Amino acid sequence: QSTCTGVNERTFLAIKPDGVQRHLIGEIIRHFEKKGFKLVGMKLMQASEDLLKEHYIALCDRPFYSHLVEYMRSGPIAAMVWQGLDVVKMARTMIGETNPADSRPGTIRGDFCIEVSKNVIHGSDSIESARREISLWFHTDKLTCWAESTEHWIY
Ligand code: RTP
C-alpha cells in the first residue's frame, strides 16, 4: 500500500526543473527533514510527456496545461515520497500557495520563487492524490522502510 494513515501517511513531492537548476534540492530536503518527516523514496529523473500529462490530468482543460507540461519537461525533476503524521496537509502548508505572490514568508514558495509558472515544487493536495501520484511515479517496492526507534523523539 503506497499511502497509509497516522505516522505512516505518505505524500508525493517533486522539486520542479527550476528548483533543480537553482540548486535548491538540498535546501528543500533539509526543510522537510528538520520538520521531522522521513524521506522514503527519491529519484532524479527527466519525466516523459506521457507521465506529466497523466500527473496533471485534472488540469487538462486549463489554458496553461500544455505550457505546464513543457515546463515540467524542461529539465530533471527530483521526485520524492515523504512520510509522517499529516504529511499531505502539512507539506502543502510548508510549500505555500500555488502563486508565490500569495505565499507567506517562511513557506518554500514564499521564500524561493516569484512567478506561478516557475513555483519550484509540487506537493500532493489530498490523500487520494498522494496515493495516485506515488503509484504513478514510483514502484512501491522501491520505497524505503525506516526503523521506528527514532519515532519517540518526534511524536
Ligand atoms: P502543484 O500541483 O504543482 O503542486 O501546484 P498546486 O496544486 O499548488 O496548483 P495547481 O492548481 O494544481 O496547478 C498546478 C501547477 O500549474 C501551474 N500553474 N500555472 N495561471 C498559471 O499560469 C498557472 N496556474 C497554475 C503551477 O506550476 C502550478 O503549481
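Both ligands and their constituent atoms are indexed starting at 1 by order of listing. Fair warning: this is a prediction, and the values are worked out from it, not measured in the lab.
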**Asked** Among protein heavy atoms, which sits nearest to atom 18 (N) of ligand 1, and what does the distance come to when rounded to 0.1 Å?
**Response** F64 CE1, 3.5 Å
**Asked** For K16, is the nearest heavy atom under 4.0 Å from an atom of ligand 1?
**Response** yes
**Request:** Identify the protein heavy atom lying closest to atom 10 (P) of ligand 1, giving its residue, its atom name and the separation to 0.1 Å.
**Result:** L59 CD1, 4.1 Å
**Request:** Look at atom 29 (O) of ligand 1 and say which protein heavy atom is nearest, naming residue and atom and giving the distance to 0.1 Å.
**Result:** N119 ND2, 2.7 Å
**Asked** Of all the non-hydrogen atoms in the protein, which one sits nearest to atom 17 (C) of ligand 1, and at what distance?
**Response** L68 CD1, 3.7 Å
**Item:** Heavy-atom nearest neighbour in the protein, as seen from atom 4 (O) of ligand 1, with distance rounded to 0.1 Å
**Value:** H122 ND1, 2.8 Å
**Request:** Could you list the atoms of ligand 1 found under 4.0 angstrom from a heavy atom of G123?
**Result:** 4 (O)
**Message:** Please check if the number of heavy atoms outside Q46 that lie under 6.0 Å from its CD is greater than 12.
**Reply:** yes
**Request:** Give a yes/no verdict on a cation-pi contact between K43 and F138, requiring under 6.0 Å between NZ or CZ and the six-membered ring centre and an angle within 45° of the axis.
**Result:** yes
**Heavy atom of the protein closest to atom 26 (C) of ligand 1 (residue, atom name, distance)** = V116 O, 3.3 Å
**Request:** Return yes when S117 approaches ligand 1 closer than 4.0 angstrom through a heavy atom, no otherwise.
**Result:** no
**Request:** May I have the step-by-step check of salt bridge (Lys or Arg N to Asp or Glu O under 4.0 Å) for R73 and E70, ending in yes or no?
**Result:** CA-CA 5 Å; R73 283 185 66 206; E70 278 314 300; 3.4 Å; yes
**Request:** May I ask you to identify, for R92, whether its side chain, its backbone, both or neither come under 4.0 Å of ligand 1 on a heavy-atom basis?
**Result:** side chain
**Request:** Assess whether side chain to side chain contact (heavy atoms under 4.5 Å, CB included) is satisfied between R62 and L68, documenting all intermediate values.
**Result:** CA-CA 10 Å; R62 306 295 286 273; L68 173 60; over 6 Å; no
**Message:** Looking at D102, is its backbone amide N or carbonyl O close enough to the side chain of R109 to form a donor-acceptor pair, meaning the two atoms are under 3.5 Å apart?
**Reply:** no
**Prompt:** Given R109, H67, E97, E133, which one has a non-hydrogen atom that is nearest to atom 5 (O) of ligand 1?
**Reply:** R109
**Item:** Beyond-backbone contact of W146 with E151, side-chain heavy atoms, under 4.5 angstrom
**Value:** no
**Item:** Donor-acceptor pair, side chain of E9 and main chain of V87, under 3.5 angstrom
**Value:** yes
**Request:** Answer yes when R30 and E33 have at least one side-chain N-carboxylate O distance shorter than 4.0 Å, and no when they do not.
**Result:** yes
**Complete:** Nearest non-hydrogen protein atom to atom 6 (P) of ligand 1, with distance, is T98 OG1, 3.5 Å
